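Reading through the structure tokens given below for one structure.
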Amino acid sequence: MQMQAARPRVGVRPRGGIRPFPLPTLSFNNNSNRSACACACAVSVSDSELAARGFAVRRSSTGLDVGALNEVFARVGFPRRQEERLRRALEHSEVVWLEDSASSSAGRPVAFARAAGDGVFNAVVWDVVVEPSCQGLGLGRAVMERLVADLRGKGVSNIALYAEPRVVGFYRLLGFAMDPDAIRGMAFYRSRQQIQNTSS
């Protein structure tokens, strides 16, 4: 049996602080045949259908209102991010987001997902959010299908994420499975004392 290196994982922080690990670890199902992969990478709603519903598909962070994205993060219970650091993270990420075309303010995201990785073998999905007033419209599925298709199109075959138990079903419908290798994710946390010592 061939040994595989441990895969990077993502922890989701719910309201009220850091969630202790382990969270369910999900990986894109790479054990399926090509036709299943093609099906999993297809989109359920086309860009033109989304445009007809008032949503423009964007595949880069150019034009994204980072402040508005931070507001969506806060409304779904994610921690707010320092905007400059968030901009830097976006520069190093594959990004798919939907812009509300009807909004008077350009760059306002209603759905967003990003992945970071080495661009060749591995990617980790981060920050999948949908504006609460737009949830249930298939927008989360739309950004995730495009993000996975973009990554697979670049040859990235190992796509992983962590998911809170309440959203595991959503990711399973997109072709993700509990980690087939049963690898447990771990996270490094600095103690409050270490943080205080480095900031002094």
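Residue indices begin at 1 and follow the sequence shown. Note that the structure is predicted; figures quoted are calculated from it, not measured.
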Considering non-hydrogen atoms only, spot the tightest contact between [X] and [Y] and give its length.
{"X": "Phe176", "Y": "Ile159", "result": "CE2-O, 3.7 Å"}
{"X": "Ala115", "Y": "Ala123", "result": "CB-CB, 4.3 Å"}
{"X": "Ala142", "Y": "Val45", "result": "CB-CG1, 4.2 Å"}
{"X": "Val72", "Y": "Val130", "result": "CG1-C, 4.2 Å"}
{"X": "Gly107", "Y": "Pro109", "result": "O-CD, 3.1 Å"}
{"X": "Trp97", "Y": "Ser60", "result": "NE1-O, 2.7 Å"}

Going from [atom1] on [X] to [atom2] on [Y], what distance comes out if it is rounded to the nearest 0.5 angstrom?
{"X": "Leu98", "Y": "Cys134", "atom1": "CG", "atom2": "SG", "result": "9.0 Å"}
{"X": "Leu69", "Y": "Glu83", "atom1": "CG", "atom2": "CD", "result": "9.0 Å"}
{"X": "Gln82", "Y": "Arg88", "atom1": "CD", "atom2": "CZ", "result": "9.0 Å"}
{"X": "Arg58", "Y": "Arg146", "atom1": "CZ", "atom2": "CZ", "result": "12.5 Å"}
{"X": "Asp127", "Y": "Phe73", "atom1": "CG", "atom2": "CZ", "result": "4.0 Å"}
{"X": "Phe55", "Y": "Leu137", "atom1": "CZ", "atom2": "CG", "result": "6.0 Å"}

Does the side chain of [Y] come within less than 4.5 Å of [X]'s, by heavy atoms?
{"X": "Glu91", "Y": "Ser61", "answer": "no"}
{"X": "Glu131", "Y": "Asp100", "answer": "no"}
{"X": "Val129", "Y": "Phe78", "answer": "yes"}
{"X": "Val95", "Y": "Leu90", "answer": "yes"}

Report the C-alpha distance between Arg81 and Val66 in whole Å, list the side-chain angles of each, state the deciding distance to 0.1 Å, and finish with yes or no for side-chain contact (heavy atoms from CB on, under 4.5 Å).
CA-CA 9 Å; Arg81 315 286 170 70; Val66 175; over 6 Å; no
Keeping the roles fixed (side chain from Asn70, backbone from Arg80), state whether a donor-acceptor pair exists under 3.5 Å.
no
Under 3.5 Å: donor-acceptor pair, side chain of Ser46, backbone of Glu49:
yes
Taking only residues two or more places apart in sequence or in another chain, which ones pass side-chain hydrogen bond (donor to acceptor under 3.5 Å, both in side chains) with Asp150?
Arg59
My understanding is that only residues two or more places apart in sequence, or in another chain, count here; which of them pass side-chain hydrogen bond (donor to acceptor under 3.5 Å, both in side chains) with Arg141?
Ser44, Glu145
Inspect the contact between Lys154 and Glu94 and indicate whether a charged nitrogen and a carboxylate oxygen are less than 4.0 angstrom apart.
yes
Among Ile, Leu, Val, Met, Phe, Trp and Tyr joined by side-chain contacts under 4.5 Å, find the other residues sharing a cluster with Val120 and list them by chain and number.
Phe121
Checking side-chain contact (heavy atoms from CB on, under 4.5 Å) for the pair Arg114/Val125: CA distance, chi angles, key distance, verdict?
CA-CA 6 Å; Arg114 73 179 182 97; Val125 175; over 6 Å; no
Following the transitive rule for hydrophobic clusters with a side-chain heavy-atom cut-off under 4.5 Å over Ile, Leu, Val, Met, Phe, Trp and Tyr, establish whether Met144 and Leu173 coincide in one cluster.
no
Could you check Val128 against Phe112 for side-chain contact (heavy atoms from CB on, under 4.5 Å), going step by step and ending with a plain yes or no?
CA-CA 6 Å; Val128 179; Phe112 175 89; over 6 Å; no
For Val110 and Leu139, what are the C-alpha separation, side-chain angles and deciding distance, and is it a side-chain contact (heavy atoms from CB on, under 4.5 Å)?
CA-CA 8 Å; Val110 293; Leu139 303 183; 4.1 Å; yes
